Amino acid sequence: MRLAIIGTGAVGASVAELAGEYGHTVTALADSRSAVTDDSGIDVEAALARKREDGRVGSGDPADALDAAYDCLVEATPTTLGDAQPGYDHVRAAFERDRDVVLANKGPVAERYADVRELERESEGRLRFEATVGGAMPVLSTIEDCGPAHVTGIRGVLNGTANFVLSRMAVEGLGYEHVLAEAQDLGVAEADPSFDVEGTDAALKCVIVANVLAQGEREYTLADADVEGIADIPTSALRLASEDGRTVRLIGEVVDGSVRVGPRIVPSTSSLAVSGTENIVQIETANAGRLNVSGRGAGGPETASAVLADVRRLESGTRD
Amino acid sequence: MSETHEPNTYTIRLELVDEPGELLRALRPIGEKGGNLLSIFHERGDKTPRGHIPVEVDLEATPERYEAIVDELRSEGINVIQAGTERYSESLTVLLSGDLVDTGLSDTLTRIRENTNITISDFELSAPQGSSDISSGRLRLGIEEGETERTLSVLREIADEKDLQVIEPLYEGGV
């Protein structure tokens with residue numbers, strides 16, 4: 001497939017780098033200030049080198065990428081809350097041209113799910129967004145394969161940064177601020193970690209799952225989620241839990257139409273007690289029992305692999 | 001097939017004579033009759049008017065084994081003040097954190113007891129920075145089946161009022 005990639009952060013750049021290996025051609029690549037397009041395929045390496053050197057992938061206008069020749073738009077700009085812009089406009093532009101859309105950006109499906117599905121209905125293009133929930137982990141495709149009507153709920157550890165902080169605090173007996181600073185030094189946490197440690201990121205992923213499970217009966221946004229973060233958890237609480245054979249994890253749950261994210265006590269032996277930046281999602285199904293999907297919930301190449309799996313599904317013609 | 005039931009959690013309240021070896025003597029039948037001891041709440045400083053020490057024991061056993069344990073305790077001459085009338089089929093562990101001590105720890109526990117149909121089977125406090133700073137407590141409650149959500153909502157309410165954080169358990173089976 002010919003791919004237009006909008007966004008050249010860790011995920012967008014990795015999709016561009018790996019596209020050839022997966023049998024696709026990148027015909028357009030854009031960052032927030034520039035674009036490079038070529039109907040026969042751009043020189044990805046040169047564009048990313050230029051990005052590193054002078055902060056732009058090319059000399060074109062970002063809008064050029066949306067007008068370029070492509071079969072599938074990969075939207076990998078940062079997740080924004082509220083109106084999900086500019087991601088939403090990118091999705092609209094692609095659907096208006098009857099192109100397929102693969103999202104790595106959580107905003108459009110977490111904040112404007114009904115609008116995005118409406119755009120898709122009016123278009124020949126199709127929407128996929130595996131990478132938005134659990135990075136490399138096949139969470140949404142597993143739900144799709146089971147059939148959303150046969151999934152009774154999900155729960156899981158959906159944010160690697162928060163999990164890293166909690167598991168380090170518990171194991172090393174260190175305080176929250178200390179471990180967070182360490183996570184920032186290691187590049188596990190962002191300079192502004194609030195999105196992760198306040199539970200917002202995990203909540204957006206749960207909202208996306210809730211939208212999928214609701215099958216259009218109801219639309220969910222962040223405002224529907226009950227969200228609590230991990231910043232106020234003292235090390236002493238983790239020690240008390242551990243003395244009792246338990247631990248605390250930031251758990252996201254979608255059950256009976258409600259979305260909840262917060263620190264919860266789980267047995268240390270539970271499969272939900274993953275450590276470090278590992279993620280896990282448990283999918284409860286009506287006929288197949290519980291399915292556990294675990295793995296890398298973030299990272300450039302990891303998340304790009306989920307984007308490219310979506311592209312492959314679109315290419316093989318599976319309509320969801 | 002004489003034992004067809006799943007194990008339940010039970011709370012037994014005992015009054016022990018304040019003599020060495022009494023607690024051990026009271027616990028022996030539990031193990032011998034196939035019960036699984038979960039926790040002991042031993043209020044040594046809080047004697048009954050008769051000068052006895054109240055002890056609350058949580059254990060897990062099938063209903064048949066539980067009956068045998070209570071019979072054995074009674075035949076050993078141990079004063080069983082409450083058993084069988086309350087059956088706590090579930091045990092709920094929560095963590096509390098915040099300014100637990102200054103907001104009145106015993107008031108918090110008393111209110112939890114008074115506003116819910118539970119028994120507090122274990123409480124452990126950790127106050128590494130001293131009593132005037134952030135501390136944590138681990139609370140194990142015996143609750144009746146189906147009472148989890150109501151118990152948690154009472155806990156949340158009390159914690160909210162005292163600006164404490166409650167970390168609730170996750171039920172993996174319930175989805």
Side-chain angles (χ1 to χ4, degrees), chain A residues 151-157 166 169-170 173 175-176 213 226 228-258 260-267 269-273 280-286 289-292, chain B residues 36-41 58 60 90-103 105 120-143 148-149 151-153 155-156 159-160 162-175:
Chain A
V151 172
T152 53
I154 70 117
R155 72 176 80 75
V157 172
L166 283 177
M169 282 173 73
Y176 170 80
L213 296 184
D226 176 5
E228 199 186 332
I230 61 162
D232 295 330
I233 299 175
T235 313
S236 55
L238 299 177
R239 192 166 51 244
L240 286 174
S242 137
E243 284 166 4
D244 200 36
R246 294 158 213 256
T247 188
V248 176
R249 288 291 179 270
L250 183 69
I251 303 284
E253 275 184 294
V254 181
V255 182
D256 295 333
S258 75
R260 176 179 178 189
V261 174
R264 305 287 286 276
I265 303 168
V266 298
T269 52
S270 163
S271 47
L272 290 169
I280 180 166
V281 173
Q282 299 188 328
I283 302 166
E284 296 285 347
T285 70
R290 176 184 302 163
L291 305 173
N292 284 358
Chain B
N36 180 24
L37 189 61
L38 295 176
S39 70
I40 308 160
F41 192 58
D58 276 1
E60 198 175 55
E90 288 176 30
S91 160
L92 180 72
T93 297
V94 298
L95 293 168
L96 294 174
S97 62
D99 197 352
L100 281 174
V101 181
D102 282 352
T103 56
L105 188 53
I120 295 174
S121 45
D122 185 53
F123 180 76
E124 186 158 343
L125 178 75
S126 172
Q129 321 286 322
S131 63
S132 61
D133 206 337
I134 298 297
S135 51
S136 304
R138 187 186 64 232
L139 194 56
R140 181 178 293 140
L141 310 171
I143 61 169
T148 305
E149 207 29 65
T151 307
L152 286 172
S153 80
L155 273 175
R156 281 179 211 132
D160 244 19
K162 296 184 173 231
D163 205 18
L164 303 173
Q165 186 183 19
V166 191
I167 304 178
E168 298 172 16
L170 180 78
Y171 291 97
E172 292 186 48
V175 172

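No experiment lies behind these values; they were computed from the predicted model shown. All values below come from the heavy atoms of this structure, side chains included, with hydrogens, waters and symmetry mates left out.
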(message) With a 3.5 Å distance limit and no angle check, can you tell me whether B/Arg138 reaches the backbone of A/Ala241 through a side-chain donor-acceptor pair?
(response) no
(request) To the nearest 0.5 angstrom, please state how far the CD1 atom of B/Ile167 sits from the CD1 atom of A/Ile251. (result) 12.0 Å
(message) Is there a side-chain contact between A/Arg239 and B/Pro128 in this structure, where contact means two heavy atoms from C-beta onward sitting under 4.5 Å apart?
(response) yes
(request) Against chain B, work out which of A/Val248, A/Thr235, A/Asp244, A/Ile233 has the most heavy-atom pairs shorter than 4.5 Å and name it. (result) A/Asp244
(request) Quick one: closest heavy-atom pair of B/Gln165 and A/Gly229, and the distance? (result) NE2-O, 4.2 Å
(request) Sort out for me which residue in B/Ser135, B/Ser97, B/Ser126 forms a side chain to side chain contact (heavy atoms under 4.5 Å, CB included) with A/Ser236. (result) B/Ser126
(request) Sort A/Glu243 into side chain, backbone, both or neither according to what part of it lies under 4.5 angstrom from a heavy atom of chain B. (result) both
(message) Can you list everything that forms a salt bridge (charged side-chain N to carboxylate O under 4.0 Å, His left out) with B/Glu60? Sequence neighbours excluded, please.
(response) none
(request) Measure across B/Val94 and A/Ile265 and return the closest heavy-atom pair with its distance rounded to 0.1 Å. (result) CA-CD1, 3.6 Å
(request) Heavy-atom distances under 4.5 Å only: say whether A/Arg249 touches chain B with side chain, backbone, both or neither. (result) neither
(request) Name all residues meeting the side-chain contact (heavy atoms from CB on, under 4.5 Å) criterion together with A/Ser258; count only those two or more places apart in sequence or in a different chain, and write none if there are none. (result) none
(message) What's the separation between atom OG1 in B/Thr93 and atom CG in A/Leu240, rounded to the nearest 0.5 Å?
(response) 11.0 Å
